[in-house]
Structure formats: C-alpha cells, structure tokens
K.L.:
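For reference, the structure I am asking about is given below.
Every chain is numbered from 1 and lettered A, B, ... according to where its sequence line falls, protein lines coming before strand lines.
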Amino acid sequence: GQQLNQSPQSMFIQEGEDVSMNCTSSSIFNTWLWYKQDPGEGPVLLIALYKAGELTSNGRLTAQFGITRKDSFLNISASIPSDVGIYFCAARGSGNTPLVFGKGTRLSVIA
Amino acid sequence: DAGVIQSPRHEVTEMGQEVTLRCKPISGHNSLFWYRQTMMRGLELLIYFNNNVPIDDSGMPEDRFSAKMPNASFSTLKIQPSEPRDSAVYFCASSTTNYGYTFGSGTRLTVV
C-alpha cells in the first residue's frame, strides 16, 4: 500500500531555533497536508497544499508540495514552547481516497 | 460549530466486555473516518463512510470490531469482546470531499 516516510521521528531543539521536517513517498499524491497533535487531543490541520510546487505559509509555519508530487516539507521558524507536539504529514491520491498519514515527528522545545 | 464530538473521552473495561465508542461528525460533512492510534503503529485507518455508507473496512483488525453509521450525524465503533491489545486511542474524523479531516478529541481505551 501507499506509505509516507516521515523524518525525523523526534527532535529536541532550543527555543528560538528553526525546525525542518519532511515526508517522502514512492507514490505520487495530489494533496499534501500537515497536522499537529497536542497531548490528549486529536490532530489539527495546519496547512493544506493542493498543487505541485506550491509553497504556503501560516504564521511561522511554511510548507511546500514537492515538484515531483512525492514529497513535502514543513518548516517552523523561531520555535516557541507551545510548538511542542507531534506533527503528521498526510497525503491523498486521486479522487476521494482516504488520507495516508506518516508516523509523525515528535517535537520537544527546550526553553 | 462544536467540531467532531466523541464519547466517552476515557474508557476502562475488563477483557471480554463489549465497548462502544460514539462519534458525532460536523454537520454537512459527508465522510466519516475511524482511526486507531498507538505508539507502535501510529494512526491506522479502521473504516470510513461516505454519505453514511461503509466504503472500506479493510483496516478493521478482526471480526470483533464493527462500525455503523445509521444517519449523517452519528456513528459507533463497537468491540466485542474486547482484549488488552485493543488498548489505544480511537479517533473519529469527518470531512467534505477532497478536503482535510477534522478530528475529534479521541477516546482513550484501556482494556485490563
């Protein structure tokens, strides 16, 4: 089946540092999304990307839909303590097929 | 909008008991998904519905698991009989066609 390889699995960074995480696949996708999960809650949508090459920002977050349609990255600039959580990439192929999720990147921010 | 509502938030039950998890999707969303999250396996899609019709239940682990969506505003996931390895966080999510999902807060199930 389709799989998303998300890396890194976990990160420990100092407050104020920039963060970068990515997702790759051997399959082509038409939509890429990034979610964040806070402890005890469900994942919340951060950014959605619908076009190859698209670069989208949401505050300190920037994500790109890879030109090959097989990858995406998420950058967080100037990290703050509330950025702590698990970040998931997700992608969808054609039609109304379900999203495929990566295994997540667990981010810890040291104040 | 209240978002996707799941109940209960926490459930502790004894092995062999029946467990029913409930979900109310966002009004107007035509797709509903049940996921299970564990540390080892991450987010696993169990089953999803489009317009109240089950489309793919290939992720349901065994016959002990069943899901229903009797109407557009309610779905249940039932485990009978429950086993300790079913312990996990179960999420319900809903969406409109081709958009991202909105997740509920999840039900943390512990089977002892």
Side-chain angles (χ1 to χ4, degrees), chain A residues 1-10 21 23 25 27 29-51 54 56 58 61 63 65 69 72 74 85-108, chain B residues 1-10 21 23-26 29-51 53-60 67 88-110:
Chain A
Q2 296 174 321
Q3 284 189 323
L4 300 183
N5 302 307
Q6 188 170 351
S7 64
Q9 279 190 315
S10 61
M21 59 192 79
C23 243
S25 176
S27 302
F29 292 99
N30 294 331
T31 303
W32 282 90
L33 306 103
W34 286 91
Y35 285 82
K36 182 194 177 196
Q37 184 178 23
D38 289 326
E41 297 297 330
V44 173
L45 182 64
L46 297 174
I47 291 180
L49 303 154
Y50 298 103
K51 189 176 176 182
E54 181 181 355
T56 296
N58 179 6
L61 277 59
F65 187 151
R69 296 198 282 152
S72 177
L74 175 70
I86 305 175
Y87 291 79
F88 292 96
C89 62
R92 175 188 286 120
S94 59
N96 195 21
T97 54
L99 290 175
V100 178
F101 281 84
K103 292 216 181 307
T105 294
R106 186 178 295 272
L107 178 65
S108 300
Chain B
D1 197 324
V4 175
I5 300 173
Q6 289 187 247
S7 64
R9 285 298 307 269
H10 302 274
L21 311 181
C23 175
K24 176 178 167 55
I26 291 175
H29 282 192
N30 60 339
S31 296
L32 183 141
F33 307 83
W34 282 102
Y35 282 86
R36 178 171 68 176
Q37 186 177 36
T38 60
M39 287 290 290
M40 289 296 293
R41 302 171 73 94
L43 277 166
E44 299 176 276
L45 178 63
L46 302 177
I47 184 171
Y48 75 99
F49 298 81
N50 282 346
N51 298 315
V53 176
I55 303 300
D56 185 353
D57 66 354
S58 60
M60 297 285 257
V89 181
Y90 290 81
F91 287 104
C92 174
S94 69
S95 76
T96 54
T97 303
N98 289 333
Y99 284 89
Y101 302 169
T102 301
F103 283 83
S105 296
T107 295
R108 181 175 294 276
L109 174 65
T110 303

K.L.:
Using non-hydrogen atoms and a 4.5 Å limit, figure out which bit of B/N50 sits close to chain A: side chain, backbone, both or neither.
P.N.:
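For B/N50, the side chain is the part near chain A, not the backbone.
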K.L.:
Between CE of B/M39 and NZ of A/K103, what distance do you get to the nearest 0.5 Å?
P.N.:
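Taking CE in B/M39 and NZ in A/K103, the distance rounds to 12.0 Å.
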K.L.:
What part of B/Y35 gets within 4.5 angstrom of chain A, counting heavy atoms only: side chain, backbone, both, or neither?
P.N.:
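Just the side chain, heavy atoms under 4.5 Å.
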K.L.:
Using non-hydrogen atoms only, which part of B/R9 is less than 4.5 Å away from chain A: side chain, backbone, both, or neither?
P.N.:
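Just the side chain, heavy atoms under 4.5 Å.
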K.L.:
Please classify the contact of A/L33 with chain B as side chain, backbone, both or neither, using a heavy-atom distance under 4.5 Å.
P.N.:
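Contact with chain B: side chain only.
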K.L.:
Below 4.5 Å from any heavy atom of chain A, which atoms of B/E44 appear? Answer side chain, backbone, both or neither.
P.N.:
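For B/E44, there is no contact with chain A at all, as no heavy atom is under 4.5 Å.
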K.L.:
Among A/G40, A/G42, A/A48, A/P43, who wins on heavy-atom pairs under 4.5 Å with chain B?
P.N.:
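Most heavy-atom pairs under 4.5 Å with chain B: A/P43.
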K.L.:
So, for A/Q37 and B/F91, which heavy atoms are closest and what is the spacing to 0.1 Å?
P.N.:
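Closest heavy-atom pair between A/Q37 and B/F91: NE2-CZ, 3.3 Å.
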K.L.:
So which atom in A/P98 and which in B/L45 form the shortest heavy-atom distance, rounded to 0.1 Å?
P.N.:
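Looks like CB-CD2, 3.7 Å.
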K.L.:
Any idea how A/F101 and B/Y101 line up, ring-wise: parallel (<30°), tilted (30 to 60°), or perpendicular (>60°)?
P.N.:
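Taking B/Y101 first and then A/F101, their aromatic rings sit tilted (interplane angle of 30° to 60°).
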K.L.:
Applying side-chain contact (heavy atoms from CB on, under 4.5 Å), can you list everything that pairs with A/T105, at least two apart in sequence or on another chain?
P.N.:
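Per chain and number, A/T105 pairs via side-chain contact (heavy atoms from CB on, under 4.5 Å) with A/Q6, A/P8, A/M11, A/M21.
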